[in-house]
Visitor: 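To start, I am sharing the structure in question, which I have written as structure tokens.
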Amino acid sequence: MLKIAYYPGCSGQGTSLEYDSSTRAVCKALGVELVDVPDWSCCGSTPAHTVNHVLSSALSARNLAQVEVMGMDKVTTPCPSCLTNLRTAAHKMEDPEFKAKSNALLDVPCNNTVDAQSVLQVLAENVDPELIKSKVVKPLTGIKIACYYGCIMNRPPEVMKFDHHENPMAMDNLMALLGAEVVPFPLKVECCGASYGIPRGDIVHKLSGKLLDAGRDVGADAFVTACPLCQMNLDLRQRQINDALRENFRIPVFYYTQLLGYALGIDRAELGFEKLCVDPRLALGRIKQPAQAM
Amino acid sequence: MPAQDVRELRIVGFLCNWCSYGGADTAGVGRFTQPTDLRIIRVPCSGRIDPLFIVRSLMNGADGVLVSGCHPRDCHYAEGNFYARRRLEMLKRFLPITGIDARRFEYTWVSASEGQRWQHVVTEFTRRIHELGPAPSFNPASEADWNALAVQASQGQGCPCHG
Amino acid sequence: MSYGESLYQFGASVRGGGVSKRSIRYIASPGTSFQSTGRFAVPYRKLGMPMQIFDLATADQGFIAEVEARSHQNVKTCYQCGNCTAGCPYTFAYDYSVSQIMRLVQTGQKDAVLKSRSIWLCGSCQSCTTRCPNKIDVALVMDVCRHMSREAGYATERSVKVFADSFLASVERHGRAYELGLMASYMTRSGRVFTDVDLAPQVLMRGKLPFKPHPIQGREQVARIFERFRKGGKNA
Amino acid sequence: MRIGVFICHCGSNIAGTVDCPSVAATALKYPDVVFSTDTMYACSEPGQDAIIQAVKEKNLDGVVVASCTPRMHEQTFRRAVERAGLNRYMFEMANIREHVSWIGKTKDLNTGKASELVRMAVEKLRRNRPLTAKRFETTKRVLVIGGGVAGIQAALDCADGGQEVVLVEREQSIGGKMAKLDKTFPTVDCSSCVLGPKMVDIAQHPKITLYTCSEVESVGGYVGNFQVTVRRKATYVDWTKCTGCGLCVEKCPSRKHPDPFNENLCNAPSINIPFPQAIPKKAAINPVSCLMLTKGKCGACAKVCPVKCIDFEQKDELVTVDVGAIVVATGYDLFDWHKYPQYGEGRYKDVITSMQYERLLSASGPTGGHVKRPSDGKEPKNVVFIQCVGSRDKSVNRPYCSGFCCMYTAKQAILTKDHIPDSQSYVFYMDIRSPGKLYDEFTRRAMEEYGAQYVRGRVAMIYPKGDKLIVRGADTLAGTQVEVPADLVVLAVGAEAAKGAVQLGEKLRVAPDQYGFFVESHPKLKPVETNTAGVFLAGACQGPKDIPASVGQGSAAAAKVLGLLSKAMLESDPAVSRVNPARCVGCGKCIQTCPFGAIKEVQDRFGNPKAEVIDTVCQGCGICTVTCPQGAIQLEHFTDNQILAEVNALCPPKMFANYE
Ligand SMILES: Cc1cc2nc3c(=O)[nH]c(=O)nc-3n(C[C@H](O)[C@H](O)[C@H](O)COP(=O)(O)OP(=O)(O)OC[C@H]3O[C@@H](n4cnc5c(N)ncnc54)[C@H](O)[C@@H]3O)c2cc1C
Ligand SMILES: Cc1cc2nc3c(=O)[nH]c(=O)nc-3n(C[C@H](O)[C@H](O)[C@H](O)COP(=O)(O)OP(=O)(O)OC[C@H]3O[C@@H](n4cnc5c(N)ncnc54)[C@H](O)[C@@H]3O)c2cc1C
Ligand code: SF4
Ligand code: SF4
Ligand code: SF4
Ligand code: SF4
Ligand code: SF4
Ligand code: SF4
Ligand code: SF4
Ligand code: SF4
């Protein structure tokens, strides 16, 4: 059984509770043991790196140091924003001068020995697709899905080092494996407006609106995403977007772990579909029952 | 103190025919005044410069040796200066081992059009040699070692002290 | 509607023998761009505002050098191809497009850069960095400019600064981001008390905004990071 | 030895700051110097006569002239001593003008330095020996590699100049890229109308032998006497019989293989004649797709062929040709735009290359000259051109400008309007590079008369929306982002070195630059020569070039070849390396080091390996001399002994320090 340190990230405690719980559930089902990083703290998210890189690095490095204390050399997080911060910090700390500056802010210095990966990468690279296939009890046959990766999961490639920076396929492949019809979504790596929902809602409305429009254009029943920020902008703010753009989008936005859990037959309570703002029932209803699917 | 005002020292130059010798000519045509200490030996290519020549010059009491060839990638013979660079780099590393001040030897790249650059190179190198002063006299007993060293440098082999 | 209609269209008509008249859509034009939040409108470089004339001879060399040193990028390699602007999703909200920011940095126009909105609005989406033909980490340059702008006491997009401040204050206090507290703090500091109130029922109903922060044991450690940072460990 | 020394005043050029008579007087003390004098202008007629007279009167067998740089008058004086009956290598020069009088201000220091330079020259001369150039005959035949427009021009000019020509082309037909083009800038005349007649001339010229489907296997020999082996690949058709009737092409049932001549826009039958004007117009079977050759059944072509020339058993054939000179004209290839994932990596069918667009425009192309987009065959209305794809981009290791894409894009925009009058073209460009006669006028016409909308900026991404492709770029002049819904996107892909150029370069000993283009001898003054004597360059193999420039180079290379082969005999420079077999231990180090492949291994009469220098190939660099651990290989005229003599003259060995 693969054992790996787990960094849930702040949003997993709040706005993306369902992402955290479904992630834990699917990892368990697929034989990936997540060990919570003890007493983890916030990575600083976007605000930190827009204020100062050393501060941002230190906030992330504290957590990397915690993983080092665990005696582990790999940590996984579901959130691409956390991932970017952890990886960027590690990348910057390759410069000894920078590392010293960052460590000067910390109680416990970070040796920079930990590799941070997204849960998606862990699943894609360490779990045999055949195993997943064999565990599928409810194939996603019948639902048309647009996979949306967000702007920072794979960019810049020199730092993120996973999948493809213009046309990532990890989620597409996973969803196809589960039996879903994956529609080619052209704006996979376009930005949704990121953390500007609060200070500049108008930006998010426009950028996320564009994504919803493109999703509708390719005939998606639902979006699948791996990012709490993307999910929030597309789902929670869908009504705002409709108001601002005089639109009428009703496209549910799942975390990929939710649909993966669904296909694996994991208890609904752990998947948190009820936490989605755009009612997912219509979309889920498109999934043919296993009997028909066969 | 300008170098030409004091007693001349003995500086030997090895210059490739196509670029640096031409560069020295260009400096002359441009009347770019230089110290007179340097005497130039013309060779077809910097790749023709055997470390032995440099060693022999220093052994015979030269106070400085200056080598100059075409800029890398500009070599008239395609790649001669790459060979030269490898050998001369090696020689530079060996010199201190034998008690010679490595600063007495320098190599550089000057093209046929770079008269001013040549003037600068000569002036600077001459100044350096004058700062170092006349070379201490050399014990001919170790000539054999010297030659062995030059041969190794020419073949780009490892440092003689460490096999 | 198609999303295209919702975009601001300026000077888009295409002359020449073509049939398809308005097929080039200009996503934003400096000097004319205008944004509307639905609640209030913020004019940027106002319509009809005269151009600024830069004196190239007084280019701030120190500024260029500082941006280069802090970003480890050589801004001279930018040849103004515009690829960064072409990909930047935020262009419509910018006053200077990202390639213009690069140009202003190249020409040492410190004031124009540090007072621009763009550097405050960049979403760090990395599109520019990923696609720059000269491998310039453009997003990093934008970041560094924002740092310098902040240090110089500017906050051209005040709400963005206040949000970041509120967020970090929350982290400093609790060790983790406490979203409800962060919202409260943001609303008070920014004076924008109605921000997202429309979302509150949805969020609260789904139990997505815990009423209490999640304090962690190491929050003192986190607080000390900020403390040391303020004391001068900031020179990145 | 009896040496005479002549110190030149060069008017006051030297005498102004050097005491010439005193230098002459000092020289008399040097060993073997029997005569020494100063002279006003050594290079003038009377100056040279004086030297000749002295040689004869004083019975000299060596001459030193101290004057200007040898780069100026070495040849002059060598010819003079030759006229006096000496060997031209029994002469040395001391440069007391450029290296002494013009750069030093102090007369006595200058005089001292001049004397020492003379002494060095004397010491070197004492170790000189007479050298005589080898004369050899040349093979009056030329090999041209690559049958694009540059190679065609070179071949025709050489043949018209009276030389026999062997033209080797890798593809089935000659014509190169130009044969694929529809019209050509800046006159917009039909490409095959101008190229076709030249191709026919190649086929009909009595002095030209054409080998297509062929490649150079190996090259031996040296200038004037190369031996080249050519591999003629099996075509499975006996070309001596094939009439090019095309019956087989019609009948072939295997038609699912992409057609490279049409840039894979359509499929080609397994037996094919690539295009109607092909030269030679012969059929060839593609062994990868032919049912007979892959699965052993079919043979339809063999049945239908009226002259029974299909031969499934045909094998590659090696032919050896002796030639005196080689012209390389292997052209270029196109950048693989899939390296730009933001342009769809091939996911969007309506994103095509400029060369594919040429085929769509061409009347002989897959659509008969009707522009139809690949996805649904519809006529595009909005056509977007993107320039500099794979050029001027460090991130894909192509920092250079491909030179002709600005121009052909303007051409294609013009042709688009001609073909589809209600269309609109958009051109995304970074700069427009159009130096050349009528070139800028041409690009202006595309904009002004044909209404092409030029947008200054790169394109960040292309994505589909409905049946359109949204092209998102920048208009840096307006300072913002723009989007265009396109029906067809044409990528002006850049030029890169032809595949296999590096390997061919190795065979020919012509160095490729870091991008694989061949390096010319001098970027300005020897643009079609290479550093290997007898091998010349023409066309885009040396760097991106348009048709006028390629043709110009083809003719220039031919002129060089004709000049070379017009001499009855060639002379080799005798200052080359020479192996002393007694010292050579056959280690082979020199063979590996020589950049020109001028040293070969031979066996002495006991069967021991020895190095031997090929005089005609050796360029006289002396790299081998330094490499040889035995001192067995010595560069004549610059031997170790000669150079060390100069060193010793300058820095006398300690033990004889006071020999003066
Ligand atoms: C889309 C497009 C449009 C263009 N339009 C114009 C235009 O309108 N006007 C203009 O002036 N220029 C135009 N050009 C440029 C033009 O194609 C070149 O200038 C010209 O083709 C160069 O000729 P070349 O003979 O040097 O090379 P090529 O045409 O590339 O010919 C080289 C030949 O050598 C052969 N070869 C390669 N390697 C070997 C080998 N190892 N052994 C044997 N044979 C080999 C090839 O098969 C080929 O036949 C255009 C280019 C492109 C891409
Ligand atoms: C400022 C400047 C800088 C340049 N720098 C570069 C550079 O760095 N690199 C580069 O490659 N190119 C450069 N060029 C271009 C370069 O000058 C030309 O490419 C080159 O000189 C052209 O050579 P030519 O022999 O064709 O013409 P010219 O050099 O013009 O020679 C023509 C000769 O013909 C003589 N002549 C004219 N009419 C008659 C007549 N009726 N009878 C007899 N004789 C006549 C003229 O007196 C002249 O001597 C530069 C040009 C300029 C203006
Ligand atoms: S993409 Fe790079 S080179 Fe182009 S304008 Fe932007 S920063 Fe400059
Ligand atoms: S990182 Fe910033 S400047 Fe760059 S493309 Fe994204 S939003 Fe624009
Ligand atoms: S049918 Fe025979 S003669 Fe005619 S083209 Fe084919 S092979 Fe040649
Ligand atoms: S034998 Fe091959 S080439 Fe001939 S007709 Fe059949 S498939 Fe075509
Ligand atoms: S010719 Fe024009 S399109 Fe081609 S690489 Fe140069 S600038 Fe770009
Ligand atoms: S006219 Fe001269 S300066 Fe102007 S674009 Fe042409 S080559 Fe450049
Ligand atoms: S390096 Fe010297 S010894 Fe070795 S093969 Fe060449 S000539 Fe002979
Ligand atoms: S002198 Fe130069 S070219 Fe001649 S054999 Fe030696 S290495 Fe080769």
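First the proteins, then the strands, lettered A, B, ... as listed; each starts at 1. Quick caveat: nothing in here was measured; it's all calculated off a predicted structure.
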Visitor: Might you point out which heavy atoms bring A/Thr15 and C/Glu179 nearest each other, and give the distance in Å?
Guide: OG1-OE2, 3.0 Å
Visitor: For a 4.5 angstrom cut-off between non-hydrogen side-chain atoms, does A/Cys10 reach C/Tyr178?
Guide: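 A/Cys10 does not reach C/Tyr178 side chain to side chain.
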Visitor: Examine whether an atom of C/Met183 lies under 4.5 Å from a heavy atom of chain A, and if so say whether it belongs to the side chain, the backbone or both; otherwise answer neither.
Guide: side chain
Visitor: What part of C/Arg176 is in contact with chain A, defined as an atom under 4.5 angstrom from a non-hydrogen atom: side chain, backbone, both or neither?
Guide: both
Visitor: Non-hydrogen atoms of chain A under 4.5 Å away: do they reach the side chain of C/Arg158, the backbone, both or neither?
Guide: neither
Visitor: Would you say C/Arg224 has more than 12 foreign heavy atoms packed within less than 6.0 Å of its CZ?
Guide: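 Enclosed.
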Visitor: For A/Ala104, is it the side chain, the backbone, both or neither that has a heavy atom under 4.5 Å from a heavy atom of chain C?
Guide: backbone
Visitor: Heavy-atom distance under 4.5 Å between the side chains of C/Phe226 and A/Leu59, does that happen here?
Guide: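 In short, these two side chains touch, coming nearer than 4.5 Å.
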Visitor: Taking the cut-offs as 6.0 angstrom to the six-membered ring centre and 45 degrees off its axis, would you call A/Arg200 and C/Trp120 a cation-pi pair?
Guide: no
Visitor: Which atoms form the tightest heavy-atom contact between C/Val144 and A/His53, and what is the distance?
Guide: CG2-CE1, 4.2 Å
Visitor: Under 4.5 Å heavy-atom distance to chain C, tell me which part of A/Leu236 shows up: side chain, backbone, both or neither.
Guide: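 Looking at A/Leu236, backbone and side chain both touch chain C.
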Visitor: Please classify the contact between A/Leu17 and chain C as side chain, backbone, both or neither, with a heavy-atom cut-off of under 4.5 Å.
Guide: side chain
Visitor: Sort C/Gln202 into side chain, backbone, both or neither according to what part of it lies under 4.5 angstrom from a heavy atom of chain A.
Guide: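 The answer is the side chain of C/Gln202.
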Visitor: Do C/Arg192 and A/Ile198 make a side-chain contact, defined as non-hydrogen atoms from C-beta onward lying under 4.5 Å apart?
Guide: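 SC-SC contact between C/Arg192 and A/Ile198 ruled out.
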Visitor: Compute whether any side-chain donor of one residue and acceptor of the other, for C/Gln126 and A/Asn154, lie under 3.5 angstrom apart.
Guide: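 There is no such pair between these side chains.
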Visitor: Against chain C, label A/Glu166 side chain, backbone, both or neither, depending on which of its atoms sit under 4.5 Å from a heavy atom there.
Guide: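 It is the side chain, since no backbone atom gets that close.
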Visitor: In sequence, state the C-alpha distance, the side-chain angles, and the governing distance for A/Glu18 and C/Arg206, and then conclude on salt bridge (charged side-chain N to carboxylate O under 4.0 Å, His left out).
Guide: CA-CA 10 Å; A/Glu18 67 275 33; C/Arg206 288 173 173 79; over 6 Å; no
Visitor: Is the shortest side-chain heavy-atom distance between C/Phe167 and A/Thr46 below 4.5 Å?
Guide: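 No. Closest side-chain heavy atoms not under 4.5 Å.
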Visitor: Go through the atoms of A/Leu276 and report whether side chain, backbone, both or neither lie under 4.5 Å from a heavy atom of chain C.
Guide: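 Only the backbone of A/Leu276 comes within 4.5 Å of chain C.
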Visitor: Hey, does C/Ser124 have a side-chain heavy atom less than 4.5 Å from the side chain of A/His49?
Guide: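 In short, these two side chains touch, coming nearer than 4.5 Å.
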Visitor: Can you tell which of A/Leu105, A/Asp107, A/Val54 makes a side-chain contact (heavy atoms from CB on, under 4.5 Å) with C/Ile225?
Guide: A/Leu105
Visitor: Just wondering, do C/Arg131 and A/Arg155 contact through their side chains at under 4.5 Å, heavy atoms?
Guide: yes
Visitor: Is the distance between the ring centroids of C/Phe163 and A/Tyr196 under 6.0 Å?
Guide: no
Visitor: Apply side-chain hydrogen bond (donor to acceptor under 3.5 Å, both in side chains) to the pair A/Gln240 and C/Asp196, showing each step before the final yes or no.
Guide: CA-CA 9 Å; A/Gln240 284 184 344; C/Asp196 283 344; 2.8 Å; yes
Visitor: What are the two closest heavy atoms between A/Ala194 and C/Gly123, and how far apart are they?
Guide: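 Closest heavy-atom pair between A/Ala194 and C/Gly123: CB-O, 4.4 Å.
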Visitor: Examine whether an atom of C/Thr129 lies under 4.5 Å from a heavy atom of chain A, and if so say whether it belongs to the side chain, the backbone or both; otherwise answer neither.
Guide: side chain
Visitor: How far apart are the closest heavy atoms of A/Pro199 and C/Ser159, and which atoms are they?
Guide: O-OG, 3.3 Å
Visitor: Please classify the contact between A/Glu190 and chain C as side chain, backbone, both or neither, with a heavy-atom cut-off of under 4.5 Å.
Guide: side chain
Visitor: Ion pair present between A/Arg239 and C/Asp198, side-chain N to carboxylate O less than 4.0 angstrom?
Guide: no
Visitor: With a 4.5 angstrom heavy-atom cut-off, which part of C/Val171 approaches chain A: side chain, backbone, both or neither?
Guide: side chain
Visitor: Select one option (side chain, backbone, both, neither) describing which atoms of C/Cys88 are under 4.5 Å from chain A's heavy atoms.
Guide: neither
Visitor: So which part of C/Gln217 gets closer than 4.5 Å to some heavy atom of chain A, the side chain, the backbone, both or neither?
Guide: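 Contact with chain A is through both the backbone and side chain of C/Gln217.
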